[in-house]
Amino acid sequence: MRATYIQDVQQWVAGFNFSTEVQVRFSETDMYGHVNNTKVLTYFEYARIEYLKALGFQFNPASGSKNMLVVADIQCDYLKEAFFDEVLTVFVKTASIGTSSMDIHYLVKNAKGENCYTGRGTLVQLNSETGKGAPILEEQKKILMEK
């Protein structure tokens, strides 16, 4: 299987500058002992939040922001199984940015450096009061594309 969002794998992998680790918990595995397919999206979520926090994005309503990021779509490609107690490194990057949305890419590697999962998803910035798209500021775009 080849993910359509990856043109050149080596170049795509080289574009990641942010990563965080997750350790596979027993409760995240299925009856075959490997990570349940739904849990990979949880790893993406965790890494995405850590990535955005590292860039300075605020998620706490107390910060005064009326804007929020929501997942509009998400895709995962399963390349290699991961198992209980493995430490996985989840990489995240911004692939492109529109007016009020951004395409985020993910890569998950095991301790051997093998690619286990790849993925992509669209985040949309919404105004929490109106429920409508809110433009991503130019300074935010610059920060997102630098990392």
Side-chain angles (χ1 to χ4, degrees), residues 1-30 34-82 84 86-110 113-147:
M1 179 192 310
R2 182 176 167 143
T4 58
Y5 51 90
I6 302 172
Q7 306 307 314
D8 178 304
V9 175
Q10 290 179 335
Q11 183 180 4
W12 184 77
V13 170
F16 287 95
N17 294 318
F18 177 87
S19 67
T20 189
E21 291 184 346
V22 295
Q23 187 165 6
V24 178
R25 298 180 303 178
F26 181 77
S27 63
E28 297 169 339
T29 62
D30 61 18
H34 59 354
V35 173
N36 179 281
N37 63 303
T38 63
K39 298 305 178 184
V40 178
L41 298 179
T42 304
Y43 300 157
F44 287 0
E45 175 189 49
Y46 171 73
R48 177 177 64 245
I49 290 169
E50 293 303 308
Y51 168 68
L52 292 169
K53 283 178 10 186
L55 295 176
F57 281 75
Q58 298 290 324
F59 296 98
N60 185 343
S63 70
S65 176
K66 303 241 184 289
N67 294 335
M68 60 184 174
L69 290 171
V70 297
V71 175
D73 75 356
I74 194 147
Q75 172 182 346
C76 181
D77 294 290
Y78 303 89
L79 309 173
K80 185 168 185 50
E81 297 172 329
F84 167 65
E86 278 192 77
V87 175
L88 304 174
T89 304
V90 186
F91 296 85
V92 184
K93 69 178 175 180
T94 305
S96 63
I97 303 174
T99 303
S100 61
S101 66
M102 63 186 85
D103 201 44
I104 303 291
H105 287 194
Y106 307 92
L107 169 64
V108 180
K109 292 181 172 248
N110 62 19
E114 300 166 319
N115 297 346
C116 296
Y117 315 106
T118 63
R120 58 143 305 279
T122 302
L123 298 180
V124 177
Q125 183 165 254
L126 297 178
N127 180 291
S128 61
E129 292 177 341
T130 66
K132 302 217 184 269
I136 299 170
L137 302 174
E138 288 303 317
E139 63 231 28
Q140 292 173 316
K141 290 180 181 182
K142 189 174 180 182
I143 292 168
L144 286 162
M145 292 312 292
E146 287 178 359
K147 296 286 180 180

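Just so it is clear, the model here is predicted, and its values are computed rather than measured.
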May I ask you to check whether over 12 heavy atoms, not counting those of Q10, lie within 6.0 Å of atom CD?
no
Which distance, rounded to the nearest 0.5 Å, do you find between the NZ of K80 and the OH of Y117?
10.0 Å
When F44 is tested against each of I104, V92, I49, V108 for side chain to side chain contact (heavy atoms under 4.5 Å, CB included), which residue passes?
V108
For the residue pair Y106 and G121, what are the closest heavy atoms and their distance?
CE1-N, 4.2 Å
Gap separating the CG atom of N110 from the CG atom of L79, nearest 0.5 angstrom:
11.0 Å
For T130, which residues count as a side chain to side chain contact (heavy atoms under 4.5 Å, CB included) partner, sequence neighbours excluded?
N127, K132
Side-chain touch R48/V71, heavy atoms, less than 4.5 angstrom:
yes
Over all heavy atoms of both residues, which pair between A47 and F18 is shortest? Give the atoms and the distance, please.
O-CE2, 3.8 Å
Check: E45 and I74 side chains under 4.5 Å, non-hydrogen atoms:
no
Listed partners of E138 passing salt bridge (Lys or Arg N to Asp or Glu O under 4.0 Å), at least two apart:
K141
Within the distance-only criterion (no hydrogens, no angle test), does the side chain of Q125 pair as donor or acceptor with the backbone N or O of P135 below 3.5 angstrom?
yes
Return the set of residues passing ring pair (Phe, Tyr, Trp, His ring centres under 6.0 Å) with Y43 (not counting sequence neighbours), or none when no residue passes.
none
Is any side-chain heavy atom of L123 less than 4.5 Å from a side-chain heavy atom of V70?
no
So, does K109 use its side chain to make a donor-acceptor pair with the main chain of F91 at under 3.5 Å?
no
Go through it in stages, so that I can follow the logic: the residues are K53 and E50, the test is salt bridge (charged side-chain N to carboxylate O under 4.0 Å, His left out), and I'd like the CA-CA distance, side-chain angles, deciding distance and then a yes or no.
CA-CA 5 Å; K53 283 178 10 186; E50 293 303 308; 3.1 Å; yes
I need the minimum non-hydrogen distance between V124 and S101, along with the two atoms involved.
CG2-CB, 4.1 Å
Pairs in or reaching into residues 120-130: which pass salt bridge (charged side-chain N to carboxylate O under 4.0 Å, His left out), with residues at least two apart or in two chains?
K66-E129, D73-R120, D103-R120
Please identify each residue that fulfils side chain to side chain donor-acceptor pair (under 3.5 Å) with Y5, with sequence neighbours left out.
D77, T118
Indicate the atoms forming the closest heavy-atom contact of G131 with L126, along with that distance.
O-CD2, 3.8 Å
Of all heavy-atom pairs between C116 and E81, which one has the smallest distance, and what is that distance?
SG-O, 4.4 Å
Sequence neighbours excluded - salt bridge (charged side-chain N to carboxylate O under 4.0 Å, His left out) pairs with any residue from residues 14-25
R25-E28
Atom pair CG (N115) and CD1 (I6), whose distance is rounded to the nearest 0.5 Å
8.0 Å
List the steps and the verdict of side-chain contact (heavy atoms from CB on, under 4.5 Å) for M145 and T94.
CA-CA 6 Å; M145 292 312 292; T94 305; 3.7 Å; yes
Can you find a heavy atom in the side chain of L144 that is under 4.5 Å from one in the side chain of F57?
yes
Hey, does the side chain of Y46 reach the backbone of T20 with a donor-acceptor pair shorter than 3.5 angstrom?
no
